[in-house]
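Reviewing the structure listed below.
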Amino acid sequence: MAKAMKGGAVSESAPIYYEEMSKVAGTENDKQSITLIATDDAYNFGDYITLRSRTGHKPQVLTDRGAIISERMAEMMDAKVGDTITVTDSSGTERKVRVDGITEMHIGHFMFMTSGGYRHVFGEQYQSNAYMVRLKNHETSNVESRSAKLIKLDGAKGIVQNTTSKKQVATIVDLPDQIMEVLISRG
């Protein structure tokens, strides 16, 4: 698997820990999906995901004390920097996480941590189980083609593409004006 993440169509890749977590919250008090991404290379993490505040675009720095959460997740949980939030991991165990920062993200609920933050919260040794990948060719057709090839690799369990989020945003933007007004007035 690691060999496929280097060279060829891949411009760069980084091992990460990826887990789907959850929280019962929101106006309907339903189960919300939260994506945890942890890295042992916080210095280069910004090459893949930009962590910054909405106002002033101040960089949000990953620490070993807690997590940076997405703006949408913070709103759902009514959380602020310095708060401790509780989320449920994939095994059903509740985990308490300190909010070290809130990053500008409008789609989905995300939590970003360092490997040290992961060890602190989970009490387990960090071990990567996924890769973040940047392709040389970013066109949607190439991303879909590469994804189809990567999913066939031994050990590949699934692929998450940011092109899906981009399509969701494009669909929302293309909706009639009255729907857009509802989305704008919420914030």
### Task
Scan for salt bridge (Lys or Arg N to Asp or Glu O under 4.0 Å) pairs involving residues 102-118, sequence neighbours excluded, and state none if there are none.
Arg52-Glu104
### Task
For residues 58-69, pull every pair meeting salt bridge (Lys or Arg N to Asp or Glu O under 4.0 Å), keeping only residues two or more places apart or in separate chains.
none
What are the two closest non-hydrogen atoms of [X] and [Y], and how far apart are they?
{"X": "Thr114", "Y": "Ala42", "value": "CG2-CB, 4.0 Å"}
{"X": "Met113", "Y": "Ala67", "value": "CG-CB, 3.7 Å"}
{"X": "Asp78", "Y": "Asp83", "value": "O-OD2, 4.1 Å"}

### Query
Is a side-chain donor-acceptor pair under 3.5 Å present for Gln127 with Asn129?
no
### Task
Establish, from distance only, whether the side-chain atoms of Thr35 and Glu20 form a donor-acceptor pair under 3.5 Å.
yes
Are any of the side-chain heavy atoms of [X] and [Y] separated by less than 4.5 Å?
{"X": "Met73", "Y": "Ile34", "answer": "yes"}
{"X": "Ile102", "Y": "Val81", "answer": "yes"}
{"X": "Glu124", "Y": "Arg119", "answer": "no"}
{"X": "Thr103", "Y": "Ile69", "answer": "no"}
{"X": "Thr93", "Y": "Thr88", "answer": "no"}

Is it true that a side-chain atom of [X] and a backbone atom of [Y] form a donor plus acceptor pair closer than 3.5 Å?
{"X": "Gln60", "Y": "Ile68", "value": "no"}
{"X": "Asp89", "Y": "Met21", "value": "no"}
{"X": "Ser128", "Y": "Pro15", "value": "no"}

Pairwise distance [atom1]([X]) to [atom2]([Y]) - rounded to 0.5 angstrom:
{"X": "Lys23", "Y": "Met111", "atom1": "NZ", "atom2": "CE", "value": "11.0 Å"}
{"X": "Ile107", "Y": "Phe110", "atom1": "CD1", "atom2": "CZ", "value": "9.0 Å"}
{"X": "Thr50", "Y": "Phe45", "atom1": "OG1", "atom2": "CZ", "value": "9.5 Å"}
{"X": "Leu62", "Y": "Ser115", "atom1": "CG", "atom2": "OG", "value": "10.0 Å"}
{"X": "Ile85", "Y": "Glu94", "atom1": "CD1", "atom2": "CD", "value": "12.0 Å"}
{"X": "Phe112", "Y": "Leu51", "atom1": "CZ", "atom2": "CG", "value": "5.5 Å"}

### Task
Please lay out, stage by stage, how Ile49 and Met132 fare under the test side-chain contact (heavy atoms from CB on, under 4.5 Å).
CA-CA 9 Å; Ile49 298 176; Met132 286 190 298; 3.9 Å; yes
### Task
With sequence neighbours left out, write down each residue that passes side chain to side chain donor-acceptor pair (under 3.5 Å) with Thr63, or none if nothing qualifies.
Asp100
### Task
Assign the ring pair Tyr126 / Tyr118 to parallel, tilted or perpendicular, where the plane angle (0 to 90°) is split at 30° and 60°.
perpendicular
### Task
Under the side-chain contact (heavy atoms from CB on, under 4.5 Å) rule, what do Met77 and Thr86 come out as? Steps first, then yes or no, please.
CA-CA 9 Å; Met77 299 179 81; Thr86 303; 5.8 Å; no
### Message
Apply side-chain hydrogen bond (donor to acceptor under 3.5 Å, both in side chains) to residues Thr39 and Asp41 and explain how you reach the verdict.
### Response
CA-CA 5 Å; Thr39 179; Asp41 186 4; 5.8 Å; no
#### Entry: Ion pair check, Glu71 and Arg54, cut-off under 4.0 Å
yes
### Task
In sequence, state the C-alpha distance, the side-chain angles, and the governing distance for Tyr131 and Ile16, and then conclude on side-chain contact (heavy atoms from CB on, under 4.5 Å).
CA-CA 5 Å; Tyr131 287 89; Ile16 59 166; 5.8 Å; no
